[in-house]
Amino acid sequence: MLMYLVLVATYTLAAPPSFVQLAGHPLRWRLLGELARSDRRVRELVSLVDRPQNLVSYHLGKLRAARLVAARRSTFDARDAYYHLDLANCADALAAAGLALHPGLRLSPVPAVAMQGRCRVLFLCTGNSARSPVAEALLRQRAGQVEVVSAGSHPKALHPNTVRVLRKYGVELAGRSPQHLSIFERQRFDYVITLCDRVREVCPEFPGRAEQVHWSIPDPAASGRTNRDTYPAFERMAADLDKRMGFLLAMIGAAPVQASIKQV
């Protein structure tokens, strides 16, 4: 009996996991929630949470130190930065917090959710030569029930490293022609996802209730002079997109989708 009381006392006095302490703050929880929807700049977060910039920056610093969020310099304006949620680290932290409370609170894989109707997703970048075609191919490979297309604001020929890196994922894309975003401007989508900071600034409004999401991903072709130099950046880009696809599909499955979407 005495041993039981000692164990209970020790368990009760244990400090909450760092994730609980960090995410339990109301403002930090709101910031995490906004970044779960889309990559954001500080000024956008300030507007969304209606708090002073110095306070928002302070709490973002706390979340960055815990590796729950990360920042990346904008390729549109180098004076700016985009913050994004580190979904993998957040998932690990949530799982650890559950286990710290009780061994029975182990996270289980989320069961697949049947979509009502056909979901349409559009990926956009500048050239439609690297980021957006990789995103399109990876999502199509994972979810055949999702109708997915991609385009660019200034299309150019498919980069050879795009073809090469997708072969690692079992996808053959050689011969694909780039497309201009104007082709899709009058069409309806459930999700319009910009992958380039520049194209986000010129992204048009789409008909209907498209969820506009931004993923700030650097142009891998700009990382070196030769294809050999840039290939590691293409690998990192594809891995980043592949990781995000799993979380996107969970979001799509959880969201109500219109049963019938007609093109205008």
Side-chain angles (χ1 to χ4, degrees), residues 32 35-40 63-64 66-76 81-96 107 109-110 112 121-144 146 148-152 158-174 176 178 191-200 213-253:
L32 289 170
L35 292 174
R37 296 182 180 90
S38 176
D39 297 1
R40 303 282 189 187
L63 295 171
R64 283 187 72 181
R67 297 177 59 226
L68 298 179
V69 305
R72 185 176 284 142
R73 190 62 55 185
S74 169
T75 55
F76 175 74
Y82 275 96
Y83 282 82
H84 65 273
L85 197 66
D86 191 318
L87 291 162
N89 282 344
C90 284
D92 290 343
L94 276 168
L107 292 183
V110 178
V121 178
L122 170 64
F123 289 107
L124 297 174
C125 67
T126 300
N128 193 217
S129 63
R131 289 163 288 186
S132 58
V134 168
E136 176 189 351
L138 291 177
L139 182 56
R140 180 176 289 113
Q141 183 188 52
R142 280 195 179 213
V146 176
V148 54
V149 291
S150 69
L158 198 65
H159 196 286
N161 280 341
T162 299
V163 177
R164 181 183 172 192
V165 79
L166 278 174
R167 284 177 180 151
K168 291 181 62 178
Y169 293 85
V171 178
E172 182 56 62
L173 212 63
R176 177 191 182 278
Y191 293 88
V192 175
I193 302 177
T194 51
L195 307 174
C196 164
D197 300 337
R198 293 181 182 277
V199 84
R200 188 192 186 203
V213 177
H214 182 57
W215 296 349
S216 180
I217 297 177
D219 180 6
S223 64
R225 293 185 177 182
T226 68
N227 291 348
R228 183 176 180 178
D229 292 339
T230 62
Y231 186 68
F234 275 80
E235 290 184 306
R236 292 192 295 272
M237 175 266 295
D240 187 3
L241 287 171
D242 190 51
K243 180 173 64 177
R244 292 193 190 228
M245 289 306 159
F247 293 99
L248 173 64
L249 284 172
M251 184 168 66
I252 290 174

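- A heavy-atom distance below 4.5 Å is found between the side chains of V146 and L249.
- Residues W215 and R131 form no side-chain contact, since every pair of their non-hydrogen atoms from C-beta on lies 4.5 Å or further apart.
- Separating the CG atom in D219 from the CG atom in L195 is a distance of 11.0 Å, to the nearest 0.5 Å.
- Side-chain contact check for S132 versus L124: every heavy-atom pair is 4.5 Å or farther apart.
- Atom-to-atom distance recorded for L158:CG and L166:CG is 8.0 Å, nearest 0.5 angstrom.
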Where do Y83 and R40 land on the side chain to side chain contact (heavy atoms under 4.5 Å, CB included) test, with the steps shown first? CA-CA 5 Å; Y83 282 82; R40 303 282 189 187; 5.6 Å; no
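- S38 and H214 are not linked by any side-chain donor-acceptor pair at a separation below 3.5 angstrom, with hydrogens and angles left out of the test.
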Review item, side-chain donor-acceptor pairs of residues 231-242, under 3.5 Å, at least two apart:
{"from": "E235", "atom 1": "OE2", "to": "K168", "atom 2": "NZ", "distance (Å)": "2.9"}
{"from": "D240", "atom 1": "OD1", "to": "R244", "atom 2": "NE", "distance (Å)": "3.3"}
{"from": "D242", "atom 1": "OD1", "to": "R142", "atom 2": "NH2", "distance (Å)": "3.4"}

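- Atoms NE2 and OG1, on H159 and T230 in that order, are 4.5 Å from each other to the nearest 0.5 Å.
- If you check the side chains of R200 and S74, you find no donor sitting under 3.5 Å from an acceptor.
- To the nearest 0.5 angstrom, L85 atom CG is 9.0 Å from L63 atom CG.
- Note: I193 CD1 to E136 CD = 12.0 Å, rounded to the nearest 0.5 Å.
- The neighbour count for R72 CZ, taken as heavy atoms of other residues, nucleotides or ligands under 6.0 Å away, is above 12.
- Atom-to-atom distance recorded for D39:CG and I217:CD1 is 7.5 Å, nearest 0.5 angstrom.
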